[in-house]
Amino acid sequence: MASTPAPPQAPPKPTWDPRRPAPPLPWLRPTIRIRLTLLYGGMFLIAGILLLSIIYLLAANALNVGSNLPFKIVSGGVTSDICKLSGSPLPADELNQALNQCVNDQRQHALDNLLSRSLLALLGLAIIAFAFGYAMAGRVLSPLGRILRTARSVAGSDLSRRIELDGPDDEIKELADTFDDMLERLERAFTAQQRFVGNASHELRTPLAINRTLLEVHLSDPGAPVELQQLGKTLLATNERSEQLVEGLLLLARSDNQIVERKPVDLAEVAEQAVDQVYGEAEAKGVAIRGDRNTAVVQGNGVLLERIALNLVQNAVRYNVPEDGWVEVTTEVQHGHAVLTVSNTGPVVPAYEVDNLFEPFKRLRGADRTGSDKGVGLGLSIVRSVARAHGGHITAQPREGGGLVMRVTLPV
């Protein structure tokens with residue numbers, strides 16, 4: 001009788017704890033709460049000691065002044081420079097009443113003097129306390145400023161920056177270390193994405209280029225049948241469309257990131273280049289291109305900005321009316337921003353469907369745009385990604401009578 005095999009044993013438990021080890025005495029950890037408590041408590045204690053000392057000195061001085069008799073007896077009469085007493089003899093009752101009034105006036109004078117000096121001392125301590133508190137608050141919050149500056153530099157796609165905060169192991173240092181770990185993971189993810197885009201670019205372009213070469217070789221054969229030539233032309237057009245689609249997808253993937261290397265680029269010159277490239281197609285369709293293009297210099301990538309203008313002008317020419325159509329391309333500077341505006345005549349676009357124009361492979365009324373012969377359906381998606389990468393945005397508004405007004409706003 002065969003023995004039953006023993007069940008597999010469970011894997012051994014790890015001997016190390018992946019979590020961050022807790023300090024042996026967590027209540028002794030120099031947290032920011034304990035530090036602020038000690039700081040402001042110590043400041044309050046020091047201010048109280050100073051105020052008490054000043055009040056004590058002022059009170060002692062006031063008592064010393066108040067203890068001196070404000071009068072003196074001169075050969076049976078009483079005279080005073082403070083109280084209203086004359087040296088002439090007075091009855092006992094009037095003399096006692098005058099002396100009591102003189103002592104009370106002297107005491108009130110000492111209290112008034114003590115109050116005024118205490119108020120001045122309090123005002124001086126308040127100014128010193130606010131100045132010292134402002135300086136200490138800046139010192140305590142300086143790590144947060146360092147984290148903020150690093151976050152702003154990271155917002156410009158500089159993922160190699162790290163905070164590397166030193167100092168006591170409190171909540172701020174824990175926040176900085178967590179932020180550094182997050183930046184490291186993001187840098188690895190973006191590096192892997194860029195590597196994937198580069199590899200995909202090579203792997204996708206190579207077979208398409210081989211197919212195009214083979215098709216062109218077969219089409220160059222004069223003895224090929226007419227049906228084969230027609231099929232070759234159809235396959236060549238399909239291959240060209242696939243190449244455009246791949247180029248658009250790769251450009252869309254690259255343009256989603258911030259632009260690191262920026263150079264001065266004139267939007268007017270970029271728009272002129274785009275108009276020159278589309279002029280032949282516009283003339284063939286009977287579409288007139290007009291508009292004033294004024295100087296508007298921005299900091300960015302010239303190739304990507306030219307793709308913005310080219311895609312907008314191409315869409316404006318291709319999606320136009322059959323007769324007497326026009327496209328207006330203008331550039332200007334408004335309120336510290338460079339604005340590229342492309343408006344055209346064309347079909348009526350409902351306002352609630354404008355947002356769909358910026359989605360990949362979407363066209364009006366939810367239809368698939370990949371079957372159109374006017375493009376691969378990525379033009380406006382690329383425009384939006386490139387504008388965002390340059391810190392700007394694009395808006396679309398329907399024109400009265402048909403067509404659209406596309407407005408790209410970029411910081412100068």
Interatomic distance, [X] atom [atom1] to [Y] atom [atom2] [nearest 0.5 angstrom]:
X    : Y    : atom1 : atom2 : result
L236 : L214 : CG    : CG    : 11.0 Å
T178 : I147 : OG1   : CD1   : 9.5 Å
I46  : I128 : CD1   : CD1   : 12.0 Å
D180 : R185 : CG    : CZ    : 11.0 Å
D355 : T395 : CG    : OG1   : 11.0 Å
T213 : E216 : OG1   : CD    : 6.0 Å

Name of the residue among T331, I394, V386, L305 meeting side chain to side chain contact (heavy atoms under 4.5 Å, CB included) with V408 =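 It is I394; the other options fail the test.
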Does some side-chain heavy atom of [Y] sit less than 4.5 Å from a side-chain heavy atom of [X]?
X    : Y    : result
H337 : H393 : no
K285 : N320 : no
V354 : Q397 : no
L183 : R162 : yes
L304 : I308 : no

Taking [X] for the side chain and [Y] for the main chain, is one N or O donor matched with an acceptor at less than 3.5 Å?
X    : Y    : answer
N344 : Y319 : yes
N239 : L235 : no
S220 : V217 : yes
R407 : V339 : no

For [X] against [Y], the heavy-atom pair lying closest together:
X    : Y    : answer
N294 : A268 : O-CB, 3.3 Å
A271 : V329 : CB-CG1, 4.0 Å
V313 : A274 : CG2-CB, 4.4 Å
V349 : G403 : CG2-O, 4.5 Å
R318 : E281 : NE-OE2, 2.9 Å
V297 : P264 : CG1-CB, 3.9 Å

task = Could you tell me which residues satisfy side chain to side chain contact (heavy atoms under 4.5 Å, CB included) with R399, sequence neighbours excluded, listed by chain and number?
result =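 Testing R399 for side chain to side chain contact (heavy atoms under 4.5 Å, CB included), a comparison that skips the adjacent residues, returns W326, S343, T345, V405.
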query = Given the rule in the side-chain contact (heavy atoms from CB on, under 4.5 Å) test, do M406 and L380 qualify, once you have shown the distances and angles that lead to the verdict?
reply = CA-CA 10 Å; M406 296 286 186; L380 294 182; 3.8 Å; yes
request  = Applying salt bridge (Lys or Arg N to Asp or Glu O under 4.0 Å) between R293 and each of E272, E328, E269, report the one that passes.
outcome  =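 Testing R293 for a salt bridge (Lys or Arg N to Asp or Glu O under 4.0 Å) against E272, E328, E269 leaves exactly one candidate, E272.
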query = Are the charged groups of K173 and D177 less than 4.0 angstrom apart, N to O?
reply =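 Yes.
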